[in-house]
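Written out below as structure tokens is the structure these notes cover.
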Amino acid sequence: MSGAILFDSFATAKLNERPYRDTFEQMPGGAAYVKRLERLQRRNLQSLDTKVEGDMMEFFRRAGMEAELLARLEDLFERVRKDPSQLEQLGHWTMQLQMTHDLIRAPALIEARHNAAIEASSKHLDRCLYDGDFPGAASTWAAQPELKCFVTPLGLKWLNRCESLEEALLTRMVGLFDAQICMLAKVDAELLANADPRFLRLNDMLGPGGVVHSGAIYLRWVMSCVKAQTLAELLELANKGTKAGMDPLDITTLKRWSCGQSFPSEAKVIQLSSALRQALAAKETCPTGHEEDHYTVFWLARRLDRQARMMKWLARPKELFILEGTRYGFLDLFEATSVDDWLRSRAKHWSGLLAQA
């Protein structure tokens, strides 16, 4: 995690199918570079020595980083050399935003801005946590307007009694997952509110009740776009557009997606997008918005699916801690009885607030 309640950019890259480790380790010297990055990250952005800085610049030059990005990175290092405290003051997400704000797609840009704002608001909370001052962390969190919306009374009560960062992680998870749902609602509101109304929206992906299977709902939406009545029809359309060298889709894969067993990778969705493009002429059934709108729908469905899976895995133990003689589980911290209902409730909450803004 980065700061009190955020995924760091390494974890976020994995969620968005852009894992840094995999990308770097395929490059000459990449494995060693990744280890250096991870060591730097464990320092909590409090120092950047000249050797690490030089290694980073040299690695990115050899890896073929664009001149504009290299210049931005060099400018960042220069500012840190003049004022080392900037490394901690700026924060992980703010630095990334400054580096890549005009190079990343719209959903990831909104996510970076959201995270940078939370990061800037949580400096004091971060310090309390890493200093082991958990009562101070609880009172700081409760008093911070930008942060208190991401925690429950039980979460704060538990944090106040914590004696280690490991114990505090439970309350931080409440903030992490609620801040993520808030971010998804922002992406939905900013990118799809004015799009063709036939585009799938965040609350649609959660379904009216029962188990959340955003991947299955996404697939059914794709089928409606291309007028496919069955998975076999969708398969035929998708494989017509399969490029040479790509493995064709198979019916077993589509069945796994349709029942929510797995979520389609971005590479597989590219294959399906050929069918979407063929259907764009059918204006009476298929949204005719920009290609980026289709990507946003996929991006939201994928992130929602991964959050649901993570939360359900964490919610498996029925009891995680005892507070004042009462046993509590993971979902108690969220004031929820199920992950699915909590996701629906919080998505509607954040979407409603954003609609009023």
Side-chain angles (χ1 to χ4, degrees), residues 1-16 92-93 107-108 110-119 121-122 125-126 129 137-138 141-142 144 146-159 162 165-189 202-203 205-207 211-215 263 299-318 320-321 328-354:
M1 293 175 68
S2 174
I5 59 169
L6 297 171
F7 284 125
D8 61 34
S9 58
F10 287 87
T12 302
K14 289 181 181 179
L15 292 172
N16 291 334
H92 188 103
W93 280 102
I110 293 170
E111 177 176 30
R113 287 172 176 163
H114 171 80
N115 289 349
I118 291 176
E119 182 179 62
S121 299
S122 63
L125 173 58
D126 294 345
L129 287 169
W141 197 334
Q144 189 75 23
E146 297 86 354
L147 299 176
K148 67 179 181 180
C149 53
F150 300 126
V151 71
T152 60
L154 179 60
L156 289 175
K157 192 173 183 180
W158 169 250
L159 181 60
C162 286
L165 274 174
E166 289 74 18
E167 291 181 345
L169 188 60
L170 291 174
T171 298
R172 294 172 66 194
M173 284 290 176
V174 178
L176 169 70
F177 287 123
D178 203 12
Q180 288 291 296
I181 286 292
C182 177
M183 178 273 295
L184 296 183
K186 285 183 179 179
V187 171
D188 177 81
L202 177 63
N203 285 311
M205 297 172 192
L206 288 158
V211 178
V212 171
H213 284 316
S214 59
F263 192 88
W299 192 94
L300 282 169
R302 174 179 58 188
R303 288 297 296 269
L304 186 58
D305 176 83
R306 293 185 177 182
Q307 175 156 343
R309 291 178 189 275
M310 282 188 286
M311 290 186 69
K312 287 175 182 179
W313 185 86
L314 290 166
R316 291 181 303 167
K318 298 302 180 185
L320 281 179
F321 64 99
Y328 294 100
F330 181 74
L331 287 176
D332 292 319
L333 285 166
F334 292 81
E335 298 181 344
T337 56
S338 78
V339 170
D340 304 295
D341 289 342
W342 182 85
L343 288 169
R344 287 189 192 90
S345 172
R346 296 309 289 172
K348 289 177 181 177
H349 168 78
W350 290 118
S351 296
L353 287 180
L354 290 167

Check for a donor-acceptor pair, side chain of [X] on one end and backbone N or O of [Y] on the other, with a separation under 3.5 Å.
X: Arg302; Y: Trp299; result: no
X: Asp188; Y: Leu202; result: yes
X: Thr152; Y: Leu333; result: yes

Mind listing the closest non-hydrogen atom pair of [X] and [Y] along with its distance?
X: Leu147; Y: Leu125; result: CD1-CD2, 3.9 Å
X: Phe321; Y: Leu154; result: CZ-CD2, 4.5 Å
X: Leu159; Y: Ala168; result: CD1-CB, 3.7 Å
X: Ala347; Y: Leu206; result: CB-CD1, 3.3 Å
X: Gly215; Y: Asp305; result: N-OD1, 4.5 Å
X: Arg172; Y: Trp141; result: CA-CH2, 4.1 Å

Do [X] and [Y] touch side chain to side chain, with heavy atoms closer than 4.5 Å?
X: Lys186; Y: Cys182; value: yes
X: Trp350; Y: Asp178; value: yes
X: Arg309; Y: Arg306; value: no
X: Arg303; Y: Met183; value: yes

Holding to side chain to side chain contact (heavy atoms under 4.5 Å, CB included), I want the full list of residues that pass it with [X], two or more places apart in sequence or in another chain.
X: Gln307; answer: Phe177, Gln180, Ile181, Met311, Trp342, Leu343
X: Ala315; answer: Phe330, Leu331, Val339
X: Ser345; answer: none
X: Asp340; answer: Val211, Val212, Lys312, Ser338, Arg344

What distance do [X] atom [atom1] and [Y] atom [atom2] have between them, rounded to the nearest 0.5 Å?
X: Ser214; Y: Leu184; atom1: OG; atom2: CG; answer: 9.5 Å
X: Cys162; Y: Leu170; atom1: SG; atom2: CG; answer: 7.0 Å
X: His213; Y: Leu304; atom1: NE2; atom2: CG; answer: 11.5 Å
X: Leu320; Y: Tyr328; atom1: CG; atom2: OH; answer: 13.0 Å

Q | Partner residues of Asp332 under the salt bridge (charged side-chain N to carboxylate O under 4.0 Å, His left out) criterion, sequence neighbours left out | A | none
Q) Can you say whether the rings of Phe150 and His114 are parallel (under 30°), tilted (30 to 60°) or perpendicular (over 60°)? A) perpendicular
Q) So which pairs with a foot in residues 146-157 pass salt bridge (Lys or Arg N to Asp or Glu O under 4.0 Å), sequence neighbours left out? A) Lys157-Glu324
Q: Could you check Gln144 against Ser122 for side-chain contact (heavy atoms from CB on, under 4.5 Å), going step by step and ending with a plain yes or no?
A: CA-CA 8 Å; Gln144 189 75 23; Ser122 63; over 6 Å; no
